[in-house]
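Scroll down for the structure; my scribbles are underneath it.
Read the numbers this way: they start at 1 and go in the same order the structure lists the ligands and their atoms.
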Amino acid sequence: MKISILYFGDIVGEPGRDTIAEWLPKLRAEYSPDLVFANCENATHGKGVNKAHYEELMKMGIDAMTSGDHIWQSNDIVPYLDRPEIMIVRPANYTNVPGKGYLDLTVKGKRLRLINLIGRVFTGANVESPFHVLDKVLKEHPVADINVVDFHAEATSEKRMLAEYADGRVGLVVGTHTHVPTADCQVLPKGTGFISDIGMTGPQDSSLGADKEEVLKSFLTGLPWRYNVASGQCELGAVFCEIDTDSQQALRIEHIRRTAL
Ligand SMILES: [Fe+2]
Ligand SMILES: [Fe+2]
């Protein structure tokens, strides 16, 4: 038996949410995924996700969401992160913060664990080692049949090495955070599906989804970067992965890139 997962990278603001609303039904018809996951850390104006937008995305048919450094920017959602019914995971390697570092779901009678970790290289995150926390989470009882990791990190080397460390113990490792898709989608030697970064779903004529004039001003002046979400045509970044439920090995992984007005 196999299970299939459609995974969207960072959804940026209203344009990103609208693009998911437009494309999810089409991708569902094309790929028939068993589960749909997404990274929601930028879903509300690029800064975290509020409860209304979380609910909007869930109604579109997303089963669970991972996050990252920006999740803490929406005070609206933080008090809800501990609630079992809220299907949002925050990076597991933060300590003494609200929320869940992983979620267990049941699909086709199998236990699937969705894990979120944040990188330490060039992120400024003062967190425990994602490598050591991954070891701990994988051993949490009852252990899962299939593990899926969103590694929210900046450096491709850290992402690749985390995936190599997880290889054979995890069905899928997706990278998020940079908003730029990478061309290294592959199945690693021991069977873990991997991509360094899925890329974002958000405005294309932008700096990572943000208004490029505002970002350029910051680079030219050195003044603090205060950004708003850009507008115009959007790009969509996702991966589709099939995982064998007995071996936990990825059978195939494909990067998906689409555009939408
Ligand atoms: Fe992001
Ligand atoms: Fe991020």
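Side-chain heavy-atom separations under 4.5 angstrom define the hydrophobic clusters, and the remaining members of the one that includes M200 are V12, V229.
The number of protein N/O/S atoms found under 2.8 Å from the Fe ion (ligand 1) is 4.
Remark: D184 pairs with T182, Q186, F194, I195, S196 by the side-chain contact (heavy atoms from CB on, under 4.5 Å) rule, at least two apart or across chains.
Using a 30° and 60° split on the angle between ring planes, F37 and Y7 fall in the perpendicular class, above 60°.
Within the structure, ring pair (Phe, Tyr, Trp, His ring centres under 6.0 Å) contacts touching residues 48-87 (residues at least two apart or in different chains) are W72-Y94.
With contacts defined as side-chain heavy-atom distances shorter than 4.5 Å, the pair M87/I62 does not qualify.
Between the side chains of N116 and H152, no donor-acceptor pair of N or O atoms lies under 3.5 Å.
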